[in-house]
Amino acid sequence: MGGKADDATPLPAPPELVLADEESRTSLLRRITEEGGFAFVSSAEKAAAGDLRAADAAREMAWEQLHSGPWNEVVPAWRDAYAMACLHVAALRDGAGDRSEAIRALDMGIIMGGPLLRPDLDAALQRIMAQPLPEVSERQDSPERLVCEEDSKGLDLTEVLRILPKKSLSCKIVEKRSSLSLERFVSDYFLKGCPIIISGYIDGWPARTKWKDIEYLKRIAGDRTVPVEVGQNYLCSEWKQELITFSQFLERIVSADCPSKLTYLAQHPLFDQIKELRNDIMIPDYCFAGGGELQSLNAWFGPPGTVTPLHHDPHHNLFAQVVGRKYIRLYPSSVSEELHPYVESMLSNSSQVSSVFHFYSDNKIF
């Protein structure tokens, strides 16, 4: 016999998805009470006892607090509270057999929640993702399934020059080396502030072959929720952000045909969120040339036509092109004022001369 659980019916949470640290849970609820979140605490207690409706209500209350003002002014306790509510929702959804909603709740907790319960979120995701899925028949390779790099290699030079900014190849070309020791990298380039292209360094990454297969990406990360950007770039008036599954994102990449609806993933710690993709890459030794720790590890996925306005970052960058091609134009810091940076503090690292810098991608993925 089978049946469907009603949302109002309390469901027992699987023990392995309940918060591991009871002391942290109690402390967090005390902090939320001090912030006036009495209704949240009441709903959270009911959610812990197996009430799905209360779990959804608690998550909604915390979500409203996250959007009550500028992100940097959100009380940290409410971010942790949102993560707690997501854990409860995930436990109850998974217990009811709704795996996809459970995964989405946990991803939202990772993306929007605080750090206190991050280990619990990761552990819950690991357990759910390890559950066996129904067997599906293997699909045959097709042009839509594989992202083929050979297409980009055969692109006509005339077409490339037509797309690139005018006179974009008239200046100094960045030096390229096929092998370079860390010592030479530091002495000849890093300390001198000179850019360098190191070819072939990431050829051994599993991502170099695996990420050409859309079906692989869907299998590994298809059900995961990720934040994406929609629009030609973040300076356009129609630009916006959305939360969609990775499978939905990949489908948009394949079918991208309108610049205003271009969807891409940028500046998101994807590898921290989806460990399976992190296993496909390796951090180069060059990242530690400055003697400090790695500042951030981000991923970019996008369709042809993705453009990033001219800007500067707060720290050094090592950019690894896994699949496809990109065109990058660099300017020395000495000409910063001539590139007319925005005066607004939020955009002060971006130039108003939006046509001088392009990421040029002629492939469907990355």
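Not measured: the values here are computed from a predicted model.
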| field | Residue Q241 excluded, over 12 heavy atoms near CD under 6.0 Å | value | yes
| query | Under a single-linkage definition using a 4.5 Å side-chain heavy-atom cutoff for Ile, Leu, Val, Met, Phe, Trp and Tyr, are I32 and V89 assigned to the same hydrophobic cluster? | reply | no
| query | Is it true that D272 and R118 have a side-chain N and a carboxylate O under 4.0 angstrom from each other? | reply | yes
| request: Could you please spell out the steps behind the side chain to side chain donor-acceptor pair (under 3.5 Å) verdict for Y264 and E229? | output: CA-CA 5 Å; Y264 53 96; E229 303 179 22; 3.2 Å; yes
| Does the gap between the ring centers of W63 and Y82 come in under 6.0 Å? | yes
| task | For the pair H67 and M112, evaluate side-chain contact (heavy atoms from CB on, under 4.5 Å) and give the outcome as yes or no after the intermediate values. | result | CA-CA 11 Å; H67 294 80; M112 301 293 291; 4.1 Å; yes
| Measuring from D120:CG to C86:SG, what's the distance to the nearest 0.5 Å? | 12.5 Å
| query | Is the shortest side-chain N to carboxylate O distance from R53 to D56 below 4.0 Å? | reply | no
| message | I'd like to know if F38 and V75 are part of one continuous hydrophobic network [Ile/Leu/Val/Met/Phe/Trp/Tyr, side-chain heavy atoms within less than 4.5 Å]. | response | no
| task | Go through the steps for Y331 and R329 under the test side chain to side chain donor-acceptor pair (under 3.5 Å), then give the verdict. | result | CA-CA 7 Å; Y331 289 85; R329 185 171 179 82; 2.8 Å; yes
| Pick one: which of V322, V226, L217 meets side chain to side chain contact (heavy atoms under 4.5 Å, CB included) with F301? | L217
| Between D94 and R127, is there a salt bridge with N-O shorter than 4.0 Å? | no
| Got more than 12 heavy atoms from elsewhere within 6.0 Å of CD, E175? | yes
| message | Tell me whether K275 at atom NZ has more than 12 heavy atoms from other residues, nucleotides or ligands lying less than 6.0 Å away. | response | yes
| note | Rounded to the nearest 0.5 Å, the OG atom of S43 sits from the NE2 atom of H88 at a distance of 11.0 Å
| task | Compare all side-chain heavy atoms of D80 with those of P115 and state whether any distance is below 4.5 angstrom. | result | yes
